Amino acid sequence: MIDDSQRDGVPPGGEQGETAATPRRDAGAAGHSAARRTVLMVGAAGVAAAVTIRPAFAQTAASVFNCEIPVPDPANSGRYIALNGTLVPAGTRGAFPGAARAFKGEEVRQALQGRSLPGTSYEQGQAYLNYIRRLRAGQSGFTCYASIQMPR
Amino acid sequence: MPPTTWVAAAPDRLASQQLDVLSAVFDRASGQTHLLAEPLPQILAVLNNAPGTSLDVANRLSISFDIEESDSLAQRISECLDELAALGLVVKA
Amino acid sequence: MTHSASFRVGPVGFRIVSDWREPVRQLQQLYGAYPAPIAGVATATARIEAARPWRRWLRPAVHIRGDYIIPDALPLPLSQGLLSAEMAMNLQVALGWRQHMLLHASAVEQGGRAIIMVGASGSGKSTLAAMLGEGDWRLLGDEFAMLGLDDGLLAPFPRLVSLKNESIAEMAARVSVDRLGPLIIGTPKGSIRHLVPRADAIARMDEPARPVLLLFPGFGEQAGLRAVAPSEAFMRLTDSSTNYVALGEPAFVALTRLVRDVPAVAIGYASGAQGVAAVEALWAEVGG
Amino acid sequence: MKAMAHLVAALRDPASVAGLSGPQWSALMSVARGEVLLGTLAHRVADQPLPGSVAAELRAALASANQAQIHALWEAEMCHRALSPLGITPVLLKGTAYAAAGLPNAAGRQIGDLDILVPRDRLDEAEAALISAGWEWVKDDPYDQAYYREHMHELPPLIHKTRDRMIDVHHTILPLTAKPRPDVAAMLADAVALLGDAYPPSRLREGSGVGLNGERTRLVFGSFPPLTPPAGGRGTLQILCPTDMVCHAAAHLFADGDMAGGLRNLWDIHSLLSEFSGGKDDDGFWQDLQSRAQQHQLWPAVHRAIRLSHSLFATNIPSAMAGRVRHDKYYRIRMLARDDWGRESHRLIRLIFYIRSHLIRMPLPMLLRHLWTKWRR
């Protein structure tokens, strides 16, 4: 059931451990035997070809369901949240006042997966979620948000 | 303005493992791990010890490989070099 | 008053400090079979405490703290003191442990060979490990798999298993009641009940095992198997590790070796029994 | 003896850990974590006979601290790459500077954000270059932005959007609202270039050493940029000259902030004084330090740092600078305010230092106005 053919792209054992800077298969001989040259996939324009591993926050029970995210953070209480998640002056048309209570990490996690945030209309919830997505280290709620980022 | 000449990280700065279609690369200078798809590892390889412009890179790659689509190749290579520069793996000379 | 308990789970010597007596009493009871830290040295200190002295008695709220603290963490009610202590202990390991690469995963062993089960909470990895651990398997841990940086072996970390909701009744039917902690209801994750691992898991917690299978369980997903490519396994494992980046190149070496040498499979299953059967079938295929 | 006292003793004299019991080690490691000094402790006692589980834990802590320094130095390198096309040569401050120069307190030291100093008239250019290189504002609301720009010694903090690390871009070393006005032009003029191309960063220390005292010539410390090719005419990174480095560390400890983490800062000061001076009889260094501190209006802070460093870590200082001054003991209590379980103690003294931290950053009426504005919104 788990044979090599199911693990797509697995190179034969002998090649493992070679430097990635070595083109796959017989690149060293490529210049000499044109018939067996390797095809290089350069990818389409605008498509990223690299992913960098970022530090994962504690995805433990402790952090995931036991933290909260105020919307907006206390330093900005009173300001409204626009649909795109930015903070705007109170009363701005089309924007929403801050949430009456902070959201629990678990509520936000479920909302990110498609459920609605408790006590919000659809657009209001989207505005809040966009605000939460824009949180940065140092802002109240960031650690919590970072900790609920789940593996894809 | 003359075209940019690029210098790649010295190979001994990188620990690399080809996993499947992606290569895992650990950069000892930055402490970062990158997963690189083609043609990024190949670009680093042809720049190794030989700085060059994006056109040089395209030419060198064409010597070793069949390239699937070549009319916008230099453009695409230049894009890839910018991506490598953002990771700190290549730098302008 | 300060109440404290101290014991060892695998390589970690814990010191737990509490403003209240009851959670410590419960810990001492549930961890009764665990040894003391080697030479009395605790490498991690977890604390559960009141934010203000009077909050020990007046509307007591339990804050989860220790050598490492997560800002923004909400306190829990005193009725959830045991859970708070467990969470404080997990937190210290997640943020402070550097002797192994940590994977947020469960693991079981048979004949010196181990399965690592990786998944977000809700994937069923914990329940699956608990059920296997009552059968022919030795439970290595249900929360963290500790991967040795030099030898690539898994160090057991058999802390209390944290059973949630439906799995509580499922497991309570199989084990004697003295291995179960109090039922804690109304937590942010529903009901929780702690399970003491079987005696062999505790007695053999210094015996490491070689990982031979990587499993990505998906409870409630369509039944079936899917091979996972090494690069995808690599991404998912780094994503579930709280110290991969902090450990640098040794973790890179250990992890690339793991995903290259060990087959990785995602399994979907609808019930605990189905999951156990799928794992046993897979195990037969990898030559278990 | 209390765990905090054991920590101070272990830093001062590593052999003092001989004979600590298991529970004493548990408490010592816990308070060291609380003070963010575990890696430093690990480095200090590395050659001592240790219980097995202590040795394993400290070895891992030291390896992790070394890895964290690589990350920190990489931020400096990426900042350098962003600013060097403009000919801006930022001065590294605090932890990153110690690590880049290979100073003795760098070993095992935790490094937080990247702190750099640039001339105020190049601030706007530096800011624009960093933003186009991927850094973003942490706080983008107008009040915070205006507040930082008018009253603070640094730009509002920036964070890199893919590396998730913060940078503080300073144009002077204390808030503009604080009483001392350091001579930042002199600091920039006398900054020291970091040059070279060796790698890894742990082997950086070629030019540094006891011989540094008194010399005002530009010293070339060990090498920093691990990748950037040496290019003619382009700027590099700099660090403060030795006396300014001490002045900044003391200003950071006593003239800015509530002294949380103060023990680590005092250990920095002890290490710098020991490294840069040739001992208590090195009149040249101590006189230079005093006159430089006076030039920066920071002598009271520097003098207090010297006294406390001597009192806790037995720094070899001239006897004329020793002795106790009123209030020193409260600073000492504040710096050691942690119990054997790792909990912060001495609540009242901590509160007083917290209030003090606001008062020394700005005059009282201005503080009230600031708090009022923050509270109202």
Side-chain angles (χ1 to χ4, degrees), chain C residues 1-4 6-8 10-19 35-53 63 65-69 88 92-93 95-102 146 148-150 155 206 242-252, chain D residues 3 17 19-39 42 50-74 108 110-111 163-165 200-202 260 338-345 347-348 351:
Chain C
M1 261 316 280
T2 295
H3 307 271
S4 69
S6 192
F7 45 82
R8 180 166 70 87
V12 186
F14 283 107
R15 221 171 45 139
I16 295 98
V17 192
S18 166
D19 279 345
I38 296 170
V41 177
T43 43
T45 297
R47 304 194 307 259
I48 50 173
E49 59 196 25
R52 298 274 177 274
H63 286 264
R65 299 208 173 127
D67 295 338
Y68 298 91
I69 292 170
Q92 303 316 311
V93 174
L95 299 183
W97 192 251
R98 296 287 185 272
Q99 295 189 39
H100 299 83
M101 177 167 166
L102 287 177
M146 296 184 159
L149 295 173
D150 296 327
D206 294 325
T242 51
N243 65 4
Y244 172 79
V245 172
L247 292 173
E249 190 168 1
F252 173 83
Chain D
V17 299
L20 287 185
S21 70
Q24 284 174 324
W25 268 114
S26 309
L28 172 53
M29 288 196 287
S30 186
V31 299
R33 282 199 165 97
E35 296 295 326
V36 204
L37 278 166
L38 188 69
L50 301 172
S53 44
V54 172
E57 183 68 5
L58 292 185
R59 221 175 11 246
L62 188 54
S64 173
N66 288 339
Q67 185 60 43
Q69 290 203 354
I70 289 174
H71 292 137
L73 289 174
W74 183 250
Q110 163 112 0
I111 302 174
R163 294 192 304 276
D164 299 318
R165 294 194 59 118
S202 54
R338 198 176 285 279
D339 73 12
D340 285 10
W341 301 109
R343 299 179 292 206
E344 290 190 287
S345 55
R347 198 180 284 270
L348 180 64
L351 178 67

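Because the structure is predicted, anything quoted here is derived from the model rather than measured. Computation of the quantities below employed the complete heavy-atom set of this structure, encompassing side-chain atoms and omitting hydrogens, waters and symmetry-equivalent molecules. Chain A is the first sequence line, chain B the second, and so forth, proteins listed ahead of strands; every chain is numbered from 1.
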Any donor-acceptor pair under 3.5 Å from D:Ser26 side chain to C:Gly40 backbone: yes
Side chain to side chain contact (heavy atoms under 4.5 Å, CB included) partner of D:Glu57, chosen from C:Val12, C:Thr43, C:Val41: C:Thr43
Distance-minimising heavy-atom pair for [X] and [Y]:
{"X": "C:Gln99", "Y": "D:Ala60", "result": "CG-CB, 3.7 Å"}
{"X": "C:Pro53", "Y": "D:Arg347", "result": "CD-NH2, 3.9 Å"}
{"X": "D:Ser64", "Y": "C:Arg98", "result": "OG-NE, 2.9 Å"}

Please flag which part of [X] lies under 4.5 Å from any non-hydrogen atom of chain D: side chain, backbone, both or neither.
{"X": "C:Ala246", "result": "both"}
{"X": "C:Thr2", "result": "side chain"}
{"X": "C:Glu249", "result": "backbone"}

Contact origin within D:Arg343 toward chain C - heavy atom pairs under 4.5 Å: both
Checking [X] now: which residues fulfil side chain to side chain contact (heavy atoms under 4.5 Å, CB included) with it, not counting sequence neighbours?
{"X": "C:Ala155", "value": "C:His100, C:Met146"}
{"X": "D:Arg163", "value": "B:Gln32, D:Trp74, D:Glu75, D:Met78, D:Trp135, D:His160"}
{"X": "C:Pro35", "value": "C:Arg8, C:Met205"}

Best-contacting candidate, C:Leu247, C:Val17, C:Leu149, C:Ile38, against chain D by heavy atom pairs under 4.5 angstrom: C:Val17
Residues of residues 28-38 of chain D contacting chain C, heavy-atom criterion under 4.5 Å, by residue number: D:Met29, D:Ser30, D:Arg33
Interface residue of largest heavy-atom contact number with chain C, from D:Ala56, D:Ala65, D:Gly52, D:Ser21, under 4.5 Å: D:Ala56
